[in-house]
Every structure is written in C-alpha cells, then in structure tokens.
2 protein chains.
Amino acid sequence: MTRVFNFSPGPATLPEAVLRQAAEEMLDWHGSGMSVMEMSHRGKEFMSIHAEAESLLCELMGIPAGYKVLFLQGGAIGQNAIVPMNLIGRTGRADYVVTGDWSKKSAKEAAHFGEVRIAASSEEGGRYTRVPAQAEWQLDPKAAYVHYCANETIGGVEFFWTPQTGDVPLVADMSSNILSRPVDVARHGLIYAGAQKNMGPSGLTVVIVREDLIGHAMPITPSVFDYKIQAAADSMYNTPPTYAIYIAGLVFKHVKSLGGLAAMEAHNRAKAAVLYDFLDKSGFYSNPIQREARSLMNVPFWLKDAALDAAFLQGAQARGLVGLKGHRSVGGMRASLYNAMSIEGVQALVAYMRDFEAQHG
Amino acid sequence: MTRVFNFSPGPATLPEAVLRQAAEEMLDWHGSGMSVMEMSHRGKEFMSIHAEAESLLCELMGIPAGYKVLFLQGGAIGQNAIVPMNLIGRTGRADYVVTGDWSKKSAKEAAHFGEVRIAASSEEGGRYTRVPAQAEWQLDPKAAYVHYCANETIGGVEFFWTPQTGDVPLVADMSSNILSRPVDVARHGLIYAGAQKNMGPSGLTVVIVREDLIGHAMPITPSVFDYKIQAAADSMYNTPPTYAIYIAGLVFKHVKSLGGLAAMEAHNRAKAAVLYDFLDKSGFYSNPIQREARSLMNVPFWLKDAALDAAFLQGAQARGLVGLKGHRSVGGMRASLYNAMSIEGVQALVAYMRDFEAQHG
C-alpha cells in the first residue's frame, strides 16, 4: 500500500491515524459487536459517540455557552437555503459579502427567501483576488444578518479578520477553513461548515448557532432543517449521518492530540509559506491573490503556458501528487492544504514544481 | 471479536462481508492510495463508484427507462418536505394514505406546501394493525400524487400489493423495505428511501423519480433538493455523501451475488415465518397485526406482562441479541429483520424467547 499526497479540495485527505482506527473498529466498535454504521442512533453506544464529538468540537473551537451545535445533512450548499429559511424572516432582508464563487452562490440562493443586498464585493471581471476592506462595506442596520464566506476554495481568498457588523448577527460559511486556526465564535451569530475538508467525510454539516437566533424559521422550512426542531432534538429529529459523525469525532480527537487549533495554525502557516514563497520567486508559476487575503487552505496557481497543464498533472500523478487540477471555472492548478496535508506533501509538491519548471521552463 | 445479532430498526445490521471489504479498503481503495472518504467526488475513482452503485440499483430493482435515480441527503423525513416541494405545485393538492406513524408524519409535513387530504387511514385509537383495502380509499383525481408508506417500522404494517391510483402518480416511502423483495417500479411515479435499513449507512437518501415529474419544484425549494437541478447534475449539484454511496454500492453487489431481490424475498419470508409462527403459538407473546399486513421487516411484539420487559431485554443482551426494545411510542419489543439479518439470528431470538417464557411464563 502506498498512500498518495492528496491535494483535492474536498472531500480531502484525512489523518492516516484516523483511517487506521476506523478500519480496526469497522466490525466491532469497542466490544459492542457492531460497526458504528450499524448502531441505532438512539442506542447508548452511538449517543456516547455523538456526545463526545460535540464536546470535542466545543472544546477545540472554544464555543461559549449560549450556542447550540447541530449535526445536519445537506452540506454548505444546503445551508445556502437553510440559513435564510431560519434567519431572514426576522426582518425580511439580509446582507451578503461576495469574495468568490461560493459567497456569490450563497447570495443567489438566499434571494428566494427575502431581500438580499450585496454589502460588498471584490468581483472584478468574474475573478476575485482580495477581500473588500471593512470600510468598503455598506451595511444595512435592518438586515437580519450579514453573510460572508471565510475561505473561498475556488479563488483561494481567505478572511484573516472578523467582520464588524454591530448588532446585526454575523453568519460565516467556514466549510473550508474550520479547525484550521482559532476563530472567535462569540463574534458570530452562526457558523456553518460542510465536514468534507477539515472534519471528515461528506454528508455531515456542522451548524453552530447562537440560541437567540433559533426559533424564527419560515413556515416552509422542512422540519429536518428547522434549527429549533433540531436543537430541541439534539440533532436527532431525523437519523443523523452517524458514521460521518463518528469519523469527525476521531478527527477532532486527533486535532486535539496535536495541540488544538493554535498548533493547526502554525502547521498550516508553515505549509502555505513553503508553497507561496516558491510561487513568489518563480517566473513560471503565478498566484494573483493579494498577500493579506491568500488562503492557507487552497492555493490556486497557474503555469506560464496553459498548454503544459496536462503534462504537469500527469507528471504529478506519477510522483503520487494528486487532486491538483484547478476548478473548471478558473483553470490552472490548485493545491488544497487542509489540516491533514503534511509539510512533506507540500515539500514534495514544490520539489516536483521545480523539476517541472527546469524541464519545461 | 464477537459479532452480535443486531435487531435495530435502523441504522441496522449490515452484511459482514461488506464491512470486511470496507475495512480492507479503508486506507487504499483499489491502489488509488486514498480512502474512498478522501476522494474528490469529481475524480474518476469516485465517479466510477457512483456510477456502479447507480447501475447495480437499477439492475436489482428493474428500474425502467424514463426514471432518474438520485442520491441525496436528508433522509426520508427530509423527503417528507422535499416530495411536496417538488410535486405538489402541479395541482396544489395531494392525497395521503395513513397506515402508521411515518405516513402520518409525512402527511403533516406536506400540509405546509399545499392542500393535503387523507385518502384512507387505518388509525384506530392511535394504533395501526392493518392496511386499508383499496376499496376504502377515496382518491382525488386532481391530486398531484398519492403518497403511501410501503412499510411502517413502528407499527409493523406492510403493503404487499401496489395501490391503484389511475393517472395520479403514486409516491412510496420505501425506506424500510426497499430491496427486501421485488417491486413494480413502473407503477410508481416516485419511490424514496433512507439508506440506513437495507442499503447502508444513514445520511444517504435514494430517490427514484419518473422523468415527467421532474421540473415542477416550488420556487422556495432549496437548490440541493430540486429534483431537476440534481437530475441534471447526476446528484452532484452539491457534494454527495460519498462514503455512504460507496457502502451502498457494496451492499448492492452483495445482494446481487445472493441472487437479487427474489432471493431476498425468499430469505426474508423464511425468517419472518420463524418468528411469526412462534408468536402465533405463544400465549406469552403477542403481535396484533392482521396476517396479510404483517411486516417482513419489523416485527413488534409484546410480553404478557410489561413488568418483565427490562428482564427480557437484559437477558437478550447477555445472549448477544440487541436492539430489541420497541419504539417508545408503543412500548414492547421489536425485532427488525432486514436483509442482512441471518436466519440463525432469528432462530437464536426464538430460542431465547422460548427459554424466557419457560422461566417467567
């Protein structure tokens, strides 16, 4: 068995230790005689797995009292509708900040449920290379919430500051950078994230919501996506994605064992620096994102000559470097450097990039 | 490692061969150097897993041309809202047949989206012991669809005939009996099922929908749950629950290797007969369901004296018979006998029941 370095944007590489434990426990979890996949979600075994995952997430992220953690389904794209269904009814309108394709998509979906304003956007000719400074934001004090995407996986643009929105609740899509570094949960009204980047398998969505924002769902909100109903049922109004929650719990424990989110930040900054430093010195590869908004998680880059893309990807694959093809909407390459990517993986990528340039530059 | 006999209603027991294969492939699927959990859903590896699972399901169920198979999230309880969001707009009203708690819940949720009529119900004093005969159904020819639940897991009531609804599309919740025996898909407009009984882990929902019923979603339908959007995207408008699809694919292959749905039916009838025959001869245990509506999948039964319930469950656990506690709304016991439950499991249960009766009867 040879494991590759997997730079996929999500689903993405997971800690090998987690996968080994999952394999070992597959037929018999802790002497229960069952796989976690086979357990009733209401049995004491799974209830303990669920409670531990939730408690570890609260500990890692420092989630204060007054917030509920929900384990739902439907992904972040589902939340694009579910967030406004639950929150926009308070005033009928919401502000969105657009820094890439994902936040643009979020704003578009929300418009089915109320009045949506773009409070700020960094779109220029369909591309995004920066985060609009707070001074550029035109906020509506009557908005039910302000939505932003903390990290855009396609553009490679990330927020490194928490927006100021006064009394208007701040909502963040943190799908692609949750658990990558500490975050000030208390300054958010709601944080949501698909699991398939830094937490575990696809099919699990984490929602962290301030309690006063619960209970305002529109009548057409499906019960399984009504935060009030799910909060009251501890995320068990319907059968939760049990195996995905179990894997996420193992990942949380692993992150804790490595030192928590401060350690993750140091690890992620070190990895990203290896790649960005190399890109900045290169005339063959480029990354156009403003330095202060460069994502630690997703690094898009372009070869000088797109005609070499196929050869680049083929050579990378031969060295066990996979998942590097850029998103179809922007082309080029993209290296996703989530928590579980090792610094050795990034070093191997840079070594390959150097060799490829020497051969084709 | 000792595996138990797991009678849980769902998530539920899975074929041991499937779990063994999943464990073996956990760190490296087919030489890819990745776990299935880590694969990009748009990469060729996962695309092949997804396509094979879909194709096996079509083969097993005999899904004819003119139907789309969707792999979604949110479970059957999610579909309680998603079905009307997609279908009820055609005429604004729908008929529901109530044979248990699940179909009652489905009807209640649908009422948020249009006019819902109960076309027939077998509820008597909050309990259900039969399926209303077709002659009792009062169907609305202008209904957008007629909904029924093919098997009620709580009451243990199952349909063994396909309702006649003329030109009105028939919609079935088959969460708990899909793949348990052959079904005439062509007589249905839509079939949906959560995976966590006969297909795999929770977090995956299968929707089989006739193509002419696609494209009528209400504007407030979340894009991830708009059948038209998901059908056009081959269920990849958002990231699908990849690992759950992979496990379901392994289960489909396993069912095929055992002889398909005709073989499953023989296996399931034989198992259920062992338990029902014993119940019918017993004065200590009882099951009140009409013979022709007795579920092959979920067998509720009650001890003569409910004060013995705790001792019964404790003794069962000691013999490796788990998940037997009845649903909290009806009490008693329930043995779920899905495809992956062996006849040895049912025989072990009956042997225990006999011993328990001898001791306490």
Side-chain angles (χ1 to χ4, degrees), chain A residues 1-4 6 8-14 16 19-20 22-24 26-28 32-35 37-41 43 46 73-78 80-82 85 109 112-113 194 196 200-204 219-220 222-225 237-244 247 320 322-323, chain B residues 1-4 6 8-14 16 19-20 22-24 26-28 32-35 37-41 43 46 73-78 80-82 85 109 112-113 194 196 200-204 219-220 222-225 237-244 247 320 322-323:
Chain A
M1 187 200 73
T2 313
R3 296 263 301 161
V4 294
N6 176 5
S8 293
T13 189
L14 289 168
E16 193 173 314
L19 297 173
R20 284 194 189 283
E24 277 162 23
M26 181 64 85
L27 278 93
D28 182 12
S32 65
M34 288 183 274
S35 174
M37 253 180 246
E38 303 177 293
M39 289 175 183
S40 168
H41 55 300
F46 183 74
Q73 297 180 48
I77 303 189
N80 284 347
I82 297 160
M85 280 177 159
E109 183 90 2
H112 295 139
F113 308 98
Q196 68 268 22
S202 58
L204 168 64
I220 46 83
S223 299
V224 289
F225 296 123
Y237 178 74
N238 64 335
T239 310
T242 53
Y243 198 73
I247 297 287
V322 310
Chain B
M1 187 200 72
T2 312
R3 297 261 300 159
V4 294
N6 176 5
S8 293
T13 188
L14 288 169
E16 192 173 315
L19 296 173
R20 285 194 188 281
E24 277 163 22
M26 181 63 86
L27 279 93
D28 182 11
S32 65
M34 289 182 275
S35 174
M37 252 181 246
E38 304 178 292
M39 289 176 183
S40 168
H41 55 300
F46 182 73
Q73 298 180 47
I77 303 189
N80 283 349
I82 296 160
M85 280 178 158
E109 181 91 3
H112 295 140
F113 307 99
Q196 68 269 22
S202 59
L204 168 63
I220 45 84
S223 299
V224 290
F225 296 123
Y237 178 73
N238 64 334
T239 310
T242 53
Y243 197 74
I247 297 289
V322 309

Looking at [X] and [Y], what are the two nearest heavy atoms and their distance?
X	Y	answer
B:Val224	A:Gly78	CG2-CA, 3.7 Å
B:Ala22	A:Met26	CB-CE, 3.8 Å
A:His112	B:Pro219	CG-O, 3.8 Å
B:Arg3	A:Met34	NH1-CA, 3.9 Å

Top residue by heavy-atom pair count (under 4.5 Å) with chain A, among [options]?
options	value
B:Pro240, B:Ala12, B:Pro222, B:Gly194	B:Ala12
B:Val4, B:Leu27, B:Asp28, B:Asn80	B:Leu27
B:Gly74, B:Ala81, B:Gly200	B:Gly74

Given heavy-atom pairs under 4.5 angstrom as the criterion, report whether the side chain, backbone, both or neither of [X] touches chain A.
X	answer
B:Thr2	backbone
B:Phe46	neither
B:Met39	backbone
B:Ala244	neither

Worksheet item: How long is the span from the CD atom in A:Gln73 to the CG atom in B:Leu204, to the nearest 0.5 Å?
Response: 9.0 Å

Practice prompt. Supply the atom-to-atom distance B:Arg20 CZ to A:Ser35 OG, rounded to the nearest 0.5 angstrom.
Written response: 12.0 Å

Fill in: A:Thr239 and its side-chain contact (heavy atoms from CB on, under 4.5 Å) partner, picked from B:Pro201, B:Pro9, B:Pro11
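Of B:Pro201, B:Pro9, B:Pro11, side-chain contact (heavy atoms from CB on, under 4.5 Å) with A:Thr239 is met by B:Pro11 alone.
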
Worksheet item: Got a donor-acceptor contact below 3.5 angstrom from the A:Asn6 side chain to the B:Glu38 backbone?
Response: yes

Item to complete: Would you sort out whether B:Thr242 and A:Gln196 count as a side-chain contact (heavy atoms from CB on, under 4.5 Å), showing the intermediate values?
Response: CA-CA 10 Å; B:Thr242 53; A:Gln196 68 268 22; over 6 Å; no

[X] versus chain B, heavy atoms under 4.5 Å apart: side chain, backbone, both or neither?
X	value
A:Ser223	both
A:Ser8	side chain
A:Asn238	both

Practice prompt. I would like to know whether A:Met37 and B:Tyr243 meet side-chain contact (heavy atoms from CB on, under 4.5 Å); could you show each step before the answer?
Written response: CA-CA 11 Å; A:Met37 253 180 246; B:Tyr243 197 74; 3.7 Å; yes

